[in-house]
K.L.:
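Encoded as structure tokens, here's the structure I'll be asking about.
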Amino acid sequence: MLIEQENIENININAFQNDLITWFKNEQRNLPWRKDQDPYKVWVSEIMLQQTRVDTVIPYFNRFIEWFPTIEDLAEAEEDKVLKAWEGLGYYSRVRNLQSAVKEVKEKYNGEVPSSPEEIARLKGVGPYTAGAILSIAYGIPEPAVDGNVMRVLSRILSIWDDIAKPATRKVFEKAVRTLISHEDPSAFNQALMELGALICTPTSPSCLLCPVREHCQGFYEGVQNELPIKTKKTKTRDVQLAAAIVFDESGKILIHKRPESGLLANLWELPSVELHHSMQNEREQVIDLFNQNHNIKINLEKIIGQIEHVFSHLIWNISVYTGKIAFTLQESEEWKLVTFEELEEFAFPVSSQKMFRLYQEQLEE
DNA sequence: TATTCGTGGAT
DNA sequence: TATCCAAGAAT
């Protein structure tokens, strides 16, 4: 904490703010959520951008605002449609938290996104970064918005060697931002730090020769810009063996299942599946037994149509994909439905299920 | 605090 | 091919 305190005193704060903000105003990308400062749109964009690239978010953002133009529209929407709007974006609890928070804003705050740090931080899905981003960008309030970009950029500028993988480290950077932030234009300042991280001060091989704040950068001065930030943490993924089935009824409809309301891919639809375990039993027999035991569904498996690998951040699914027929009359419910191929479009599926549908289509074409 | 939450692009 | 990682939050 002492090191960065000394380094921050080496910075000419006014010149730094001016160089950074001037660069941002000239070089910023033209992004759909920068067309106005509607707090709702800023909010939606910030949730979508969590751990997600700008290029990925753009089409999702445009469609989401088209479907749900206002807080009221989103508050009143069916959750299934909201999840459909998020289909393929990942981290699906983000959008369920967003809708929940939007309902709270509608009811408790008369539809106006609160502008106090305490109130906005209490909303579901709004953490320290998102609270600061909305407050500064939509309301011009000088609050820190410390994301991965800001930690990378400031770790270099201030030569901060704390491990940014540790949650406690964010506070170090929030303190630095409180010292550095422009009170004239907090929105431009915060966005400029992130834009600099995205365009110039990139994770590998930063473009220091193009950097508008190079002369303020302690890391560049020391020649350590490629060693910062310090980020430990290893990703240990575990393997899970699954078997999924495309199960048809007599009329050719497909059986789909709604996942539980918490945990992985919560509330999304999927092709029914079971987790396999090591056994002397052959896989085909085990799948039939597990469908019976876990789902209380009797099926006749036809054939295996292929294997699919799907990689999450923390685990890997290896899925054997079967086709089959349902061996009794199924009672449909909130959790189980029989639908036609056309009706599949109405349901939100994770990418793993979409891979299986594609695999089946490829089989048909052979 | 460490882990759980997706996905697809970059290197 | 494998690893990392991108505008984080909840638990």
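Naming convention: chains lettered A, B, ... in sequence-line order (proteins, then strands); numbering from 1 in each chain.
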K.L.:
With a 4.0 Å cut-off on N to O distance, would you call A:Arg122 and A:Glu118 a salt bridge?
P.N.:
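Judged by the 4.0 Å cut-off on N to carboxylate O distance, A:Arg122 and A:Glu118 do not form a salt bridge.
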K.L.:
Check this for me: does any side-chain nitrogen of one of A:Lys325 and A:Glu250 sit under 4.0 Å from a carboxylate oxygen of the other?
P.N.:
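The answer is no: the pair does not qualify as a salt bridge.
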K.L.:
Report yes if the distance between the aromatic ring centroids of A:Trp86 and A:Tyr60 is under 6.0 Å, otherwise no.
P.N.:
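No, the ring of A:Trp86 stays outside the 6.0 Å limit from the ring of A:Tyr60, centre to centre.
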K.L.:
Nearest heavy-atom pair of A:Gln218 and A:Leu158: which atoms, and what distance?
P.N.:
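Closest pair (atom of A:Gln218, atom of A:Leu158, distance): CB-C, 4.2 Å.
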K.L.:
Using the P atoms only, state how far C:dA6 lies from B:dC5, rounded to an integer number of Å.
P.N.:
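Approximately 22 Å lies between the P atom of B:dC5 and that of C:dA6.
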K.L.:
When rounded to the nearest 0.5 angstrom, what is the spacing between CD1 in A:Ile288 and CD1 in A:Ile297?
P.N.:
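Output value for this atom pair is 13.5 Å.
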K.L.:
Taking the six-membered ring where the residue is Trp, are the ring centres of A:Phe357 and A:Phe349 under 6.0 Å apart?
P.N.:
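Yes, they do, as the ring centres are separated by less than 6.0 Å.
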K.L.:
On a whole-Å scale, what distance lies between the P atoms belonging to B:dT3 and C:dC4?
P.N.:
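That atom pair is separated by 15 Å.
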K.L.:
Between P on C:dG8 and CD on A:Glu46, what's the gap in Å once rounded to a whole number?
P.N.:
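Atom CD in A:Glu46 sits about 9 Å away from atom P in C:dG8.
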K.L.:
Examine distances only and state if a side-chain atom of A:Ser155 and a backbone atom of A:Met151 form a donor-acceptor pair shorter than 3.5 Å.
P.N.:
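At least one qualifying donor-acceptor pair exists.
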K.L.:
Between A:Ile319 and A:Ser273, does a side-chain contact (heavy atoms from CB on, under 4.5 Å) hold up when you go through it step by step?
P.N.:
CA-CA 9 Å; A:Ile319 313 169; A:Ser273 65; 5.7 Å; no
K.L.:
Quick one: on DNA chain C, does A:Val54 or A:Ala121 contact a more 5' nucleotide (nearest heavy atom)?
P.N.:
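Result of the comparison: A:Val54.
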K.L.:
Can you tell me how far P of C:dT11 sits from CZ of A:Arg96, to the nearest Å?
P.N.:
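Taking atom P of C:dT11 as the reference, CZ of A:Arg96 is at 10 Å.
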K.L.:
Mark up nucleotides 1-11 of chain B, 5' to 3', with B wherever a protein heavy atom is under 4.0 angstrom from a base atom, S wherever such an atom reaches only the sugar-phosphate, and - elsewhere.
P.N.:
S-BSBBBB---
K.L.:
Verify the ring-centre separation between A:Tyr40 and A:Phe61: is it less than 6.0 angstrom?
P.N.:
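No, ring centres 6.0 Å or more apart.
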K.L.:
Measuring only the P atom in each nucleotide, how far is B:dG6 from C:dT3? A whole number of Å is fine.
P.N.:
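Between the two P atoms, the distance is 22 Å.
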K.L.:
Classify the nucleic acid contact of A:Val57 as base, sugar-phosphate or nothing, counting any heavy atom under 4.0 Å across all strands shown.
P.N.:
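No contact.
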K.L.:
Report the distance from atom CE of A:Met48 to atom P of C:dA9, rounded to the nearest whole Å.
P.N.:
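Those two atoms, CE and P, are 16 Å apart.
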K.L.:
Could you tell me whether A:Thr130 contacts a base, only the sugar-phosphate backbone, or nothing, with contacts defined as non-hydrogen atoms closer than 4.0 Å?
P.N.:
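Sugar-phosphate, no base atom in range.
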K.L.:
Go through residues 26-41 of chain A and report each residue with a non-hydrogen atom lying under 4.0 Å from DNA chain C, sorted by number.
P.N.:
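Residues of residues 26-41 of chain A that come under 4.0 Å of DNA chain C are, in numerical order, A:Arg29, A:Leu31, A:Trp33, A:Arg34.
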K.L.:
Rounding to a whole Å, what distance do you find between A:Arg122:CZ and C:dA9:C1'?
P.N.:
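Going from A:Arg122 (CZ) to C:dA9 (C1'), I get 17 Å.
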K.L.:
Base, sugar-phosphate or nothing for A:Arg152? Non-hydrogen atoms, less than 4.0 Å.
P.N.:
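Sugar-phosphate, no base atom in range.
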